[in-house]
Engineer: 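Got a structure for you, questions after.
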Amino acid sequence: MTPRRTEILYRICWTMALLLLAVPFVFPFLWMISGGFKSTTEIFGAPTLIPRVWRFENFAEVFTYQPFARQYFNSLYIAATVTVLTLFIASLAGYALARIRFAGAGLLMLFLVMALMVPEEVTIIPNFFLIRAMGLIDTHWPLILLPVFGPQGVVATFLMRQFFLALPRELEEAGKMDGLSRFGVWLKIALPMARPALAAVAIITFLHSWNLFLEPLIFLSSLEKFTLPLALSNFNDSYGLPLWNLQLAATSLAVVPILIIYLIAQRQIIESFALSGVKG
């Protein structure tokens, strides 16, 4: 057998092995989409991946059962706002912790990392009293402020710090010689080179905000202000039992933005995680 045929056979074997390994991960996703086209009776009947009767009206009923379009928009704009604010604040804070020497910088980073060890459920009660004192109950502000300045913001800051530590200082020194200020070096040199880290922080932050359930459950009470996680748990009949066909159809629609973002930024995400532990 020639070396070329050996290489082709080797790739085919690896591809088949990876396809088999992917089945347990892909099958639940396919079953969810398939269930969105079924009736409740068929979902609990004989298990089949392909619906016997395609009920396209399930996806239309999702939008008439409750204000799902408004709730979808709520999750989109909240997640987008949180992502943009986190990228801006975490990149600034990460650059400062990586490049600016000041008293207590190491201790500050230690306290930030220690904050990650505190579960969000522990801080939800004091956060509730704080938000209530600010008069922001039943608004979207808690869903924006808490992730940006909470544990998710700390994770983003840590990732950005690790990335900036790995950047060559010579590039920044050259920028200073050209007359750039500290802010200008961050904006024009460090930030463009941090695209892989920014992509990783963006998708992690967006995914965290998109899937947030506890905070909306605590702070929101108006149906039209619900986010998607709350909306998905609200597809119930008059007896309080889940309408599984509508829930599966709505969930299939809810995962679309996450898939799009991940497909666009997956290469940068992998590169960022590989580079985040290079130094520091």
Side-chain angles (χ1 to χ4, degrees), residues 63 66-96 112 115-116 120 123-124 126-128 130-161 163 183 186-187 190-192 194-234 250-251 253-266 268-269 272:
F63 292 93
Q66 61 179 328
F68 189 72
R70 176 66 183 180
Q71 295 160 349
Y72 207 106
F73 174 76
N74 291 341
S75 284
L76 276 175
Y77 100 80
I78 290 173
T81 303
V82 169
T83 301
V84 172
L85 289 177
T86 301
L87 288 174
F88 178 72
I89 296 175
S91 60
L92 276 175
Y95 182 77
L112 288 176
L116 298 177
E120 294 184 16
T123 59
I124 193 66
N127 282 336
F128 174 79
L130 175 62
I131 296 300
R132 188 178 67 175
M134 297 171 64
L136 299 178
I137 295 294
D138 200 26
T139 69
H140 290 151
W141 280 109
L143 310 185
I144 296 174
L145 297 177
L146 293 181
V148 172
F149 297 101
Q152 191 62 32
V154 176
V155 172
T157 301
F158 178 76
L159 283 175
M160 296 305 302
R161 172 185 177 270
F163 192 91
F183 183 81
W186 167 80
L187 181 62
L191 205 59
R195 289 179 183 176
L198 291 172
V201 170
I203 193 168
I204 293 172
T205 305
F206 189 93
L207 183 61
H208 177 268
S209 178
W210 187 262
N211 292 330
L212 208 60
F213 180 80
L214 180 60
E215 283 79 359
L217 182 64
I218 298 297
F219 296 115
L220 299 181
S221 57
S222 301
L223 188 64
E224 65 275 4
K225 295 180 180 178
F226 278 11
T227 55
L228 280 180
L230 285 183
L232 295 177
S233 64
N234 203 44
T251 305
L253 295 174
V255 301
V256 171
I258 299 300
L259 290 177
I260 293 175
I261 291 176
Y262 184 79
L263 290 175
I264 293 174
Q266 59 180 336
Q268 286 84 356
I269 296 165
S272 175

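The structure presented is a predicted model; accordingly, all values stated were derived computationally and were not measured.
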Engineer: Looking at every heavy atom in both A194 and F163, which two are closest together, and how far apart are they?
Structural biologist: CA-CE2, 3.3 Å

Engineer: What distance do L212 atom CG and I78 atom CD1 have between them, rounded to the nearest 0.5 Å?
Structural biologist: 9.0 Å

Engineer: Got a sec, which residues hit ring pair (Phe, Tyr, Trp, His ring centres under 6.0 Å) with F128, two or more places apart in sequence or on another chain?
Structural biologist: none

Engineer: Using distance only, find each side-chain donor-acceptor pair of residues 82-91 under 3.5 Å and give its atom names and separation, not counting sequence neighbours.
Structural biologist:
{"unit_1": "T83", "atom_1": "OG1", "unit_2": "A79", "atom_2": "O", "d": "2.7"}
{"unit_1": "T86", "atom_1": "OG1", "unit_2": "V82", "atom_2": "O", "d": "2.7"}
{"unit_1": "S91", "atom_1": "OG", "unit_2": "L87", "atom_2": "O", "d": "2.6"}
{"unit_1": "S91", "atom_1": "OG", "unit_2": "F88", "atom_2": "O", "d": "2.9"}

Engineer: Any side-chain heavy atom of I258 sitting closer than 4.5 Å to one from F206?
Structural biologist: yes

Engineer: Mind checking the CG-CG spacing from N74 to L143? Nearest 0.5 Å is all I need.
Structural biologist: 9.0 Å

Engineer: Atom CD of E120 and atom CG of L214: how far apart are they, to the nearest 0.5 Å?
Structural biologist: 7.5 Å

Engineer: Rounded to the nearest 0.5 Å, what separates atom OG in S209 from atom CG in L76?
Structural biologist: 10.0 Å

Engineer: By ring pair (Phe, Tyr, Trp, His ring centres under 6.0 Å), which residues pair with H208, not counting sequence neighbours?
Structural biologist: none

Engineer: Quick one, M134 and W141 - any side-chain contact, counting heavy atoms below 4.5 Å?
Structural biologist: no

Engineer: Give the table of side-chain donor-acceptor pairs shorter than 3.5 Å for residues 216-226, with sequence neighbours excluded, one pair per line with atom names and distance.
Structural biologist:
{"unit_1": "S221", "atom_1": "OG", "unit_2": "D138", "atom_2": "OD1", "d": "3.4"}
{"unit_1": "S221", "atom_1": "OG", "unit_2": "D138", "atom_2": "OD2", "d": "3.4"}
{"unit_1": "S222", "atom_1": "OG", "unit_2": "D138", "atom_2": "OD1", "d": "3.4"}
{"unit_1": "S222", "atom_1": "OG", "unit_2": "D138", "atom_2": "OD2", "d": "2.7"}
{"unit_1": "K225", "atom_1": "NZ", "unit_2": "D138", "atom_2": "O", "d": "2.8"}

Engineer: Check W210 against A254 and note the closest heavy-atom contact, atom names and distance.
Structural biologist: NE1-O, 3.0 Å

Engineer: If I compare all heavy atoms of P142 with all of T139, which pair ends up nearest, and what's the gap?
Structural biologist: CD-O, 3.3 Å

Engineer: For Q71, check side chain to side chain donor-acceptor pair (under 3.5 Å) against everything at least two apart and list the hits.
Structural biologist: Q66

Engineer: Can you name the side chain to side chain contact (heavy atoms under 4.5 Å, CB included) partners of L253, sequence neighbours left out?
Structural biologist: F59, F63, F68, Y72

Engineer: For A190, check side chain to side chain contact (heavy atoms under 4.5 Å, CB included) against everything at least two apart and list the hits.
Structural biologist: Y95, F164, L167

Engineer: Return the OG1 to CG distance between T251 and L228, rounded to the nearest 0.5 Å.
Structural biologist: 9.0 Å

Engineer: So, does N127 use its side chain to make a donor-acceptor pair with the main chain of T123 at under 3.5 Å?
Structural biologist: yes

Engineer: Please enumerate all residues that pass side chain to side chain contact (heavy atoms under 4.5 Å, CB included) together with S233, with sequence neighbours excluded.
Structural biologist: F213

Engineer: Output yes when a side-chain donor or acceptor of W186 lies under 3.5 Å from a complementary backbone atom of A96, and no otherwise.
Structural biologist: no

Engineer: Check whether any side-chain heavy atom of Q152 sits under 4.5 Å from a side-chain heavy atom of L146, and report yes or no.
Structural biologist: no

Engineer: Starting at CD1 of I131, measure out to CD of E215 and round the result to the nearest 0.5 Å.
Structural biologist: 10.0 Å

